[in-house]
Amino acid sequence: MAAASGEGTEGDSDGGSEELVLTPAQLIRSLEQAWLNEKFAPELLESKPEIIECVVEQLDHMEANLKRAKRGDLKVSIHRMEIERIRYVLSSYLRCRLVKIEKFFPHVLEKEKSRAEGDPSILSPEEFAFAKEYMANTETYLRNVALKHMPPNLQKVSLLKSVPKPNLDSFVFLRVLERQENILVEPETDEQREYTIDLEEGSQHLIRYKTIAPLVASGAVQLI
Amino acid sequence: MAAGGTGERRGLAPSLPLAAERRRFPRPRAAWRGGMAGERAAGLVRELHRAGGGNLPPFRAEGLRQALEEMRALYERNQADVSEAKSGRTDLIFLIRFRHCCLLRNQRCVLAYLYDRLLRIRALRWEYGSVLPNTIHFHMSAEEVEWFNRYKKSLATYMRSVGGEEGLDLTQDIKPPKSLYIEVRCLRDYGEFEIDDGTTVLLKKNSQVPMTRECGPFSSFPFTLMTSPAYPSFAAHLSSCACGSLHMLQAVCLAQDCSSALPDLVPQCSRHTAPQSWLCAATNPVCLGLKEGLSVFLCSTFYPAGNASI
């Protein structure tokens, strides 16, 4: 982060079409935030293609700079270590997304198909292609090995119903970045009134994922 | 005495009109020989569940076939009974419903068995790389192998598309990097060798050299890693590929007069016994330096995946 910006890499690492211009340090921080959110959220979050693109560009810059640098310089090893670390975070983030895509593939594809025009996509184009191939692959396999040989009224199986959905009611730890008011903790039932709280900035909570899902998407809270 | 004059009397057979009974209440003939419905399918699931820890037991084609056969027989019986029920035998409806439940249960067990195996095979790609050890290969059916190949291909396409021109191999970097260098000990005198960043290294027998994990393509210059204390008499010629992962080219027996090279996939020197449990070294799908088939097996205590250090 500090080392990355000190090595003479470009100060702005935007992919050219961003409204914000991020310094490398900010870029790495947003990558780490996206990584942690993805790790702890029970469902697949929005895809962040700009961050990934910028980070990859950044890594290439750093490698190119290192090739030119004086040999034996202490900075070289430190920067190399930094490159390895960033690459690990990026790999781990993408791996986490792939695992979730494979685990919930019918639901992910269904959500993508039924999203409205303006809504952000949860799958990048490459991930979408991967998810479709995975689904086609699995369906073909199950059909050829088992379903084809079953009685006619049982040959169709709805993967959407059989594959388990992500559990949105699971509890997550979060840290509040922007103050929020009136967050619903328990909905109103016959026995109890609605229970809402205000989230103070900087506080940490353990709460059900379902209610704070939109806050994660908007960046108002950070999962930890 | 029995009513129903046509009862068969065989010597000392009981005098109840069994045949007449049978005609009035025909016992539904079991469509399967011995055993409850759904037992075979449940047996498949049970066996898979018992082989825990992500292991892949052999594919039970016979069990699957029998479960499907059972479903077919149940369905046929149901077909016959449905037409009978429509013409008035409403007491059969419960039986039809029961058979339908059996069919649904069988379908669910069979699909669960196949799907769980697919999940385990998928995990194997991430653990072992593109080339699976032969022992595991034997446990997979032909269609599973096909599924695995298609999965590999779509994963490789995805990895190539992310992260720049050469793509980002997501199966590497499973653990956060602890150190930059790997210690490599040379077991043979090699001489001077130039690493990617220009420095030359003198490789003498028994010298130890720290190298970074991405030492550039030197697939034609094998380096040997010291064996772990558990297996002191064997060493592996490891070679690093352009992608940065390590592949084993050959195992070598280090006994005094031996040093016979072991052909790959047979980790057993004929004169000195070799460790039995070898796990596959990771192969990289975008690896360009070595042919896929050269990846062999290394004992897991030999080098931990990723970082090889002594």
Side-chain angles (χ1 to χ4, degrees), chain A residues 49 52-53 55-57 59-60 63 66-67 69 71-72 76-78 80-85 87-95 97-99 101-103 124-127 129-134 136-138 140-142 144-155 157 159 162-163, chain B residues 61 64-65 67-69 71-72 74-76 78-79 100 103-104 106-108 110-115 118-119 122 126 141 143-144 146-148 150-151 153-155 157-165 168-181 196-199 212-214:
Chain A
I52 299 180
E53 214 177 282
V55 168
V56 164
E57 220 177 279
L59 283 177
D60 287 337
E63 296 253 7
L66 281 182
K67 283 213 163 58
R71 217 172 308 128
V76 169
S77 347
I78 298 183
R80 231 184 252 288
M81 215 35 208
E82 188 69 23
I83 293 181
E84 301 263 321
R85 283 201 201 102
R87 193 178 300 134
Y88 166 74
V89 172
L90 182 64
S91 280
S92 182
Y93 171 66
L94 292 173
R95 261 199 302 274
R97 287 182 66 83
L98 270 191
V99 161
I101 290 176
E102 287 171 4
K103 201 164 165 192
S124 72
E126 297 87 14
E127 286 172 345
F130 176 79
K132 280 217 305 230
E133 279 173 26
Y134 187 81
N137 199 7
T138 310
T140 318
Y141 171 78
L142 288 177
N144 288 341
V145 175
L147 292 175
K148 214 165 54 171
H149 306 290
M150 288 193 187
N153 62 337
L154 289 175
Q155 281 189 1
V157 80
L159 285 177
S162 339
V163 174
Chain B
L64 181 67
R65 197 191 59 77
L68 291 172
E69 179 62 34
M71 286 179 74
R72 196 188 57 80
L74 279 171
Y75 182 71
E76 276 175 10
N78 254 6
Q79 289 282 67
H100 189 65
L103 280 170
L104 286 176
N106 271 345
Q107 185 203 41
R108 185 174 162 173
V110 162
L111 288 181
Y113 175 71
L114 295 174
Y115 187 64
L118 286 188
L119 292 182
R122 177 248 175 226
W126 287 86
S141 71
E143 292 89 1
E144 287 180 334
E146 211 182 293
W147 184 90
F148 179 72
R150 277 198 286 239
Y151 176 73
K153 206 178 331 163
S154 96
L155 185 63
T157 314
Y158 174 73
M159 292 201 285
R160 223 184 331 257
S161 72
V162 76
E165 318 94 43
L168 180 66
D169 184 10
L170 295 176
T171 58
Q172 306 295 314
D173 304 317
I174 302 278
K175 298 215 260 283
K178 282 277 158 66
S179 73
L180 196 48
Y181 293 104
D196 203 26
D197 60 348
T199 55
T212 58
R213 278 191 289 158
E214 314 154 350

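Checking each of B/L64, B/L68, B/V110 against A/H149 for a side-chain contact (heavy atoms from CB on, under 4.5 Å) leaves exactly one that passes, namely B/L68.
Between chain A and the residues B/Q107, B/E143, B/M71, the largest count of heavy-atom pairs under 4.5 Å involves B/Q107. Put simply, of A/P125, A/A129, A/S92, A/S91, the one with the most heavy-atom pairs under 4.5 Å next to chain B is A/S91. The most heavy-atom pairs under 4.5 Å with chain B, out of A/E127, A/K103, A/E102, come from A/E102. Interface remark: of the candidates A/T138, A/V163, A/L142, A/T138 forms the most heavy-atom pairs closer than 4.5 Å to chain B.
Rounding to the nearest 0.5 Å gives a distance of 8.0 Å between CE of A/M150 and CG of B/N106. A distance of 8.0 Å separates CG in A/N153 from CD in B/Q79, rounded to the nearest 0.5 Å.
In this structure, the portion of B/Y158 lying under 4.5 Å from any heavy atom of chain A is its side chain and not its backbone. Contact of B/L155 with chain A is made through backbone and side chain together, with heavy-atom distances under 4.5 Å. Using a 4.5 Å cut-off between heavy atoms, A/L154 contacts chain B through both its backbone and its side chain. Looking at A/E126, both its backbone and its side chain come within 4.5 Å of chain B, counting heavy atoms on both sides. For A/L147, the part lying under 4.5 angstrom from a heavy atom of chain B is the side chain only. In this structure, no portion of A/N144 lies under 4.5 Å from any heavy atom of chain B. Looking at B/R108, there are no atoms closer than 4.5 Å to chain A (heavy atoms on both sides), in backbone or side chain. For A/S162, no part lies under 4.5 angstrom from a heavy atom of chain B.
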Working for side-chain contact (heavy atoms from CB on, under 4.5 Å), residues A/V99 and B/R122: CA-CA 10 Å; A/V99 161; B/R122 177 248 175 226; 3.6 Å; yes
Test log, rule side-chain contact (heavy atoms from CB on, under 4.5 Å), inputs B/W126 and A/L98: CA-CA 12 Å; B/W126 287 86; A/L98 270 191; 4.0 Å; yes
Verdict with supporting geometry, B/W147 and A/T140, side-chain contact (heavy atoms from CB on, under 4.5 Å): CA-CA 9 Å; B/W147 184 90; A/T140 318; over 6 Å; no
CA sep, side-chain torsions, deciding dist, call: A/Y141, B/E144, side-chain contact (heavy atoms from CB on, under 4.5 Å): CA-CA 8 Å; A/Y141 171 78; B/E144 287 180 334; 3.2 Å; yes
